Amino acid sequence: MKKILIYSLLFLMGANFFAFGYNEDFSLKVKVPDTKSSLVTQAQPMDNKLTATELTVLMGNGINLGNTLEAYRGWYGNPNKKPQDYEQLWGQPVTNQKIFDAYKEAGFKSVRIPIAWTNMIDYEHGSYIIDTAYLDRVEEIVNYALNNDLYVIINDHWDGQWWGLFGSANKDHRKWAIMMYKAIWTQIAVRFMNYGDKVIFESANEELGGRLNDDTALSKGKRGVLSEFECYEATNKINQCFVDLVRSTGGNNKNRFLLIAGYDTDIDKTISNSYKMPEDKVKNRLLVSVHYYTPSTYCILSEDASWGKCKNTWGTKQDISLMRNQFSKMKKFVDEGYGVIIGEYGVAWQKDGSPKENYDLFMKSVVDLSEEFNFCPMLWDCNGFFKKRDPMGFISPEAAAVYKE
């Protein structure tokens, strides 16, 4: 009772709860609730003979529902708003069925839905429980995609870079990180355990790698302390934890396709011998994810920055050769029976809001090489190429032609 009164007084005084030591009994031992779906209560059919390399062919071209469910509330923000409030934080509309109808009409066969789950988890104060309303909303949006027979990838995406807890100098933070990771994925996996194999789980976004040293809401601006070797080691362990945990939840998760995040989702770092794909009890059901924004000065910069001069055109023999060379490096995973997903690629607009020269050639080259190597490419988009607002569709006929073809 005395301990509770002390913590209550500190809270009322505006003190940072974690600065005074964390009372583990407060929440870390709270039982994760039953999050089973009320919409899909019986196991849907699964094609257990389908392999990961065959799946990527069926997934065709994909697109990301960007800047929507992964739009983040900010550190120590309010985790108790309505789910739709978070969808609009970064300028996107409330997600609806028409958006996914338009994706299908545009020629896409798959969609990646990046998600910030801690929008409605009060983890800064020790809770690892996802608000039921948030799980319900994510499930509703997943079904928008399934209504159009699209493959769906869901992940935990950046999420206020809480992942930096894994690299913290504070051993308690590291302990809380793996506990929270397990709690989050247990709740997600149980919610979707009866869904068929068009629903794919992705272990992370770009956070597995150097970003395990990110500063977090709990580290007061201090970066983590892991060496690169230790980041690789942690990445491999987290990915193995992901596979083991999902498989253990039963139902269709025993055979579900799982997408494993590459190291920094960088091709060269992922093909390194230091990166290990996790072991799996099920054969041929794992895929690996990398992103392609090369050169970054063309794909990411809209104007000159301290780290590079903005490149406004693309398409030289050297540019095309580099892309082919990078894609060919990932073939080693296909040869080993893993599917390959180019989880993100795209081209930034110029500073004045106009498209960069040959952006459609860049996109078409990604699509063509992915088809050649049996990869699934997924365009990163947040109202840049494909409008989510009425009227929906591609902003330019050049972009539309790439995917209609």
Side-chain angles (χ1 to χ4, degrees), residues 2-30 67 69-81 85-86 89-90 114-131 134 155-185 203-235 237-238 241 261 263-265 305-307:
K2 185 181 291 185
K3 183 183 287 188
I4 293 173
L5 288 173
I6 291 172
Y7 280 128
S8 298
L9 285 171
L10 291 172
F11 180 79
L12 290 172
M13 292 168 60
N16 182 336
F17 192 80
F18 286 90
F20 296 90
Y22 191 81
N23 177 12
E24 184 169 330
D25 290 331
F26 177 73
S27 66
L28 294 187
K29 294 181 180 178
V30 171
N67 283 18
L69 288 179
E70 89 280 17
Y72 190 64
R73 61 182 167 84
W75 291 351
Y76 295 103
N78 182 0
N80 299 311
K81 293 184 177 182
D85 294 335
Y86 300 111
L89 280 178
W90 292 349
I115 303 165
W117 292 98
T118 63
N119 270 337
M120 296 187 75
I121 298 176
D122 195 13
Y123 88 93
E124 295 94 336
H125 296 97
S127 173
Y128 300 157
I129 308 306
I130 304 170
D131 191 292
Y134 206 60
N155 68 3
D156 184 23
H157 192 102
W158 186 69
D159 213 356
Q161 63 197 50
W162 74 263
W163 300 82
L165 294 174
F166 281 105
S168 173
N170 186 317
K171 292 181 180 179
D172 282 339
H173 289 183
R174 296 192 194 188
K175 178 178 67 176
W176 301 337
I178 194 62
M179 292 178 76
M180 184 158 76
Y181 185 79
K182 289 180 177 180
I184 289 173
W185 274 110
S203 63
N205 176 47
E206 298 174 345
E207 293 74 40
L208 296 189
R211 289 189 180 181
L212 294 175
N213 281 325
D214 277 354
D215 59 314
T216 72
L218 307 184
S219 62
K220 299 180 180 179
K222 294 181 180 178
R223 285 185 54 79
V225 296
L226 300 182
S227 66
E228 184 176 63
F229 172 82
E230 290 169 325
C231 282
Y232 268 107
E233 191 175 50
T235 293
K237 288 181 178 179
I238 293 166
C241 171
Y263 189 96
D264 288 345
T265 61
S306 59
W307 54 270

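Fair warning: this is a prediction, and the values are worked out from it, not measured in the lab. Heads up: numbering here begins at 1 and tracks the sequence.
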**Q** Is the shortest side-chain heavy-atom distance between Leu89 and Tyr72 below 4.5 Å?
**A**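 No, side chains not in contact.
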**Q** Take Ile178 and Cys241 through the test side chain to side chain contact (heavy atoms under 4.5 Å, CB included) and record every step on the way to the result.
**A** CA-CA 9 Å; Ile178 194 62; Cys241 171; 4.0 Å; yes
**Q** Less than 4.5 Å apart, side chain to side chain, heavy atoms only: is that true for Asn155 and Pro114?
**A**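 With C-beta onward as the side chain, the pair touches.
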**Q** Between Trp158 and Arg211, is there a side-chain heavy-atom distance shorter than 4.5 Å?
**A**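 Touching, per the 4.5 Å side-chain cut-off.
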**Q** Nearest 0.5 Å, please: how far is CD in Gln161 from CG in Asn213?
**A**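 Result: 11.5 Å between the selected atoms.
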**Q** I need the Trp75 CH2 to Thr118 OG1 distance, nearest 0.5 Å.
**A**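 Here the rounded value is 11.5 Å.
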**Q** Do the ring centers of Trp163 and Tyr181 come within less than 6.0 Å of each other?
**A**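 Centroid distance Trp163-Tyr181: below 6.0 Å, so yes.
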**Q** Go through it in stages, so that I can follow the logic: the residues are Leu212 and Ile238, the test is side chain to side chain contact (heavy atoms under 4.5 Å, CB included), and I'd like the CA-CA distance, side-chain angles, deciding distance and then a yes or no.
**A** CA-CA 11 Å; Leu212 294 175; Ile238 293 166; 4.1 Å; yes
**Q** Please report the closest heavy-atom contact between Ala204 and Ala261, naming both atoms and the distance.
**A**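 Closest heavy-atom pair between Ala204 and Ala261: O-CB, 3.8 Å.
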**Q** Going by heavy atoms in the side chains, are Met180 and Trp117 under 4.5 Å from each other?
**A**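 Counting from C-beta outward, Met180 and Trp117 never come under 4.5 Å.
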**Q** How long is the gap from CD1 on Ile115 to CG on Leu69, to the nearest 0.5 Å?
**A**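 If I round to the nearest 0.5 Å, the distance is 5.5 Å.
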**Q** Just how far is it from atom CG of Asp122 to atom CG of Asn80, taken to the nearest 0.5 Å?
**A**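 These two atoms lie 6.5 Å from each other.
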**Q** I'd like to know if the side chain of Thr265 and the backbone of Glu206 have a donor-acceptor N/O pair within less than 3.5 Å.
**A**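 It does not hold such a pair.
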**Q** Quick check for you: to the nearest 0.5 Å, what is the distance between His173 atom NE2 and Thr216 atom OG1?
**A**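 Rounded to the nearest 0.5 Å, the NE2-OG1 separation comes out at 6.5 Å.
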**Q** Restricting to non-hydrogen atoms, name the atom on Asn78 and the atom on Lys81 that form the minimum distance, rounded to 0.1 Å.
**A**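 In terms of heavy atoms, the two residues are closest at ND2-CG, 3.9 Å.
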**Q** Would you mind reporting whether Ile184 and Tyr123 have side-chain heavy atoms less than 4.5 Å apart?
**A**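 When only atoms from C-beta onward are counted, Ile184 and Tyr123 do not touch, as no gap falls below 4.5 Å.
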**Q** Give the minimum heavy-atom separation between Tyr263 and Cys231, together with the two atoms involved.
**A**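 Nearest heavy atoms, Tyr263 then Cys231: OH-CB, 3.2 Å.
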**Q** Should the ring pair Tyr86 and Tyr134 be called parallel, tilted or perpendicular, given that the plane angle runs from 0 to 90° and is split at 30 and 60?
**A**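 Aromatic pair Tyr86/Tyr134 classed perpendicular.
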**Q** Is it true that Glu124 and Arg73 have a side-chain N and a carboxylate O under 4.0 angstrom from each other?
**A**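 Yes, charged N to carboxylate O under 4.0 Å.
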**Q** Do the side chains of Asn170 and Trp176 get nearer than 4.5 Å, heavy atoms only?
**A**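 They are not in contact (no side-chain heavy atoms under 4.5 Å apart), so the answer is no.
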**Q** What closest approach, in Å, do Leu208 and Ser203 show between heavy atoms, and which atom pair accounts for it?
**A**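 What the structure gives for the nearest pair is CD1-OG, 4.0 Å.
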**Q** Can you measure from CZ (Arg174) to CG (Leu165) and round to the nearest 0.5 angstrom?
**A**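 Reported value, rounded in 0.5 Å steps: 11.0 Å.
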**Q** Return yes when atom CD of Glu233 has more than 12 non-hydrogen atoms of other residues, nucleotides or ligands closer than 6.0 Å, and no otherwise.
**A**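 Enclosed: over 12 neighbouring heavy atoms sit under 6.0 Å from CD of Glu233.
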**Q** Is there a side-chain contact between Arg223 and Asp214, using heavy atoms and a 4.5 Å cut-off?
**A**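 Side chain of Arg223 against side chain of Asp214, heavy atoms only: contact under 4.5 Å found.
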**Q** Looking only at non-hydrogen atoms, find the nearest pair between Ala116 and Ala71 and report the distance.
**A**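 The answer is CB-O, 4.5 Å.
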**Q** So, for His157 and Glu207, which heavy atoms are closest and what is the spacing to 0.1 Å?
**A**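 Shortest heavy-atom separation between His157 and Glu207 comes out as C-OE2, 4.3 Å.
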